[in-house]
Amino acid sequence: MGLFDFVKEAGEKLFRSQDAQAASDAVTNAPNDDAAKARLDQMNRAAGDAIEAYVNAQGLTVTGLTVTFDGASGAATVFGVAADQTSKEKVLLCCGNVSGVARVNDMLSVDQSAPEALFYTVVAGDNLSKISKLHYDNPNKYMLIFEANKPMLAHPDRIYPGQMLRIPPL
């Protein structure tokens, strides 16, 4: 369990984070406005549901998966029980690699523990071979990184700056 930071502007566009921020600002400016509070709650729920649906669409199974979102802070909180450490880490990456999400609060537990992977944020000019050379001293092990990030990655050449990747232990 912990808090993971992500690049807020990078990732899958599942909802309009500007709308959630505007609703949050409306509540801040008029704290007694029940309609603004209801709109904010509705937008946060919809964003959490969208993230949860995205995780499920990746085929990642988590018992009791629940994702909540706070548009004001850009924080997603994920609850549930993952079958293994790999699944847990992929779920965290799915939640964090969404445009509008700046951090993920990990409240997941794991049925079967294992060593944790490292997380790496892609920068301009990176490719999986370069990242593999950095972490494994061997650029030819890039497929380990690709496989560790499936199904979120569909092709080894399709990574983008700001995306966070799992770097599994050897």
Side-chain angles (χ1 to χ4, degrees), residues 1-25 39-62 64-80 82-108 110 116-132 134-135 142-168:
M1 291 187 203
L3 193 63
F4 297 88
D5 290 323
F6 289 82
V7 176
K8 185 175 183 176
E9 296 79 25
E12 297 289 327
K13 293 179 180 18
L14 303 180
F15 55 87
R16 291 178 36 107
S17 59
Q18 306 91 317
D19 291 345
Q21 185 60 51
S24 177
D25 291 345
R39 177 142 172 77
L40 177 60
D41 287 345
Q42 178 186 26
M43 294 181 105
N44 284 339
R45 264 194 312 279
D49 290 348
I51 296 168
E52 191 174 315
Y54 176 62
V55 170
N56 287 326
Q58 300 304 312
L60 300 168
T61 305
V62 176
L65 177 65
T66 304
V67 179
T68 61
F69 182 72
D70 175 26
S73 65
T77 302
V78 60
F79 302 88
D84 54 41
Q85 186 67 29
T86 297
S87 297
K88 173 184 174 175
E89 292 167 354
K90 287 183 178 186
V91 168
L92 294 173
L93 290 177
C94 278
C95 293
N97 284 328
V98 169
S99 183
V101 176
R103 66 195 51 82
V104 174
N105 186 15
D106 168 19
M107 300 302 288
L108 291 169
V110 179
E116 293 180 9
L118 297 174
F119 288 156
Y120 175 80
T121 302
V122 176
V123 296
D126 272 349
N127 59 47
L128 292 184
S129 292
K130 184 176 177 182
I131 297 167
S132 176
L134 177 69
H135 290 280
Y142 73 93
M143 286 302 288
L144 289 173
I145 299 170
F146 175 66
E147 291 295 328
N149 288 279
K150 283 171 86 176
M152 292 84 63
L153 291 184
H155 192 278
D157 294 334
R158 294 193 185 130
I159 61 174
Y160 54 86
Q163 182 178 27
M164 194 173 292
L165 300 173
R166 289 181 68 241
I167 310 298

Under 3.5 Å, is there a donor-acceptor pair between the side chain of [X] and the main chain of [Y]?
X     : Y     : answer
Asn97 : Gly11 : no
Glu52 : Val67 : yes
Gln58 : Cys94 : no

Which atom names give the shortest non-hydrogen contact between [X] and [Y], and what distance separates them?
X      : Y      : value
Pro156 : Met143 : CG-SD, 4.3 Å
Ile159 : Val122 : CD1-CG1, 4.0 Å
Ala50  : Leu14  : O-CD1, 3.7 Å
Tyr160 : Glu12  : OH-N, 4.3 Å
Leu60  : Asn56  : O-OD1, 4.1 Å
Lys13  : Glu9   : NZ-O, 4.5 Å

Would Asp126 and Tyr120 count as a side-chain contact (heavy atoms from CB on, under 4.5 Å) here? Give the steps.
CA-CA 11 Å; Asp126 272 349; Tyr120 175 80; 2.6 Å; yes
Rounded to the nearest 0.5 Å, how far does [atom2] of [Y] lie from [atom1] of [X]?
X      : Y      : atom1 : atom2 : result
Leu144 : Tyr142 : CG    : OH    : 10.5 Å
Phe119 : Phe6   : CZ    : CZ    : 6.5 Å
Lys130 : Ser132 : NZ    : OG    : 13.0 Å
Leu65  : Cys95  : CG    : SG    : 7.0 Å
Glu147 : Leu128 : CD    : CG    : 11.0 Å
Lys90  : Asn149 : NZ    : CG    : 7.5 Å

Find out whether [X] and [Y] are in side-chain contact, i.e. whether some heavy atom of one side chain is under 4.5 Å from a heavy atom of the other.
X      : Y      : result
Leu153 : Leu165 : yes
Met107 : Thr66  : no
Thr86  : Arg166 : yes
Phe69  : Val101 : yes

Chi angles and distances behind the side-chain contact (heavy atoms from CB on, under 4.5 Å) call for Leu92, Met164:
CA-CA 10 Å; Leu92 294 173; Met164 194 173 292; over 6 Å; no
Test Asn127 against Asp157 for side-chain contact (heavy atoms from CB on, under 4.5 Å), laying out the working first.
CA-CA 7 Å; Asn127 59 47; Asp157 294 334; 5.9 Å; no
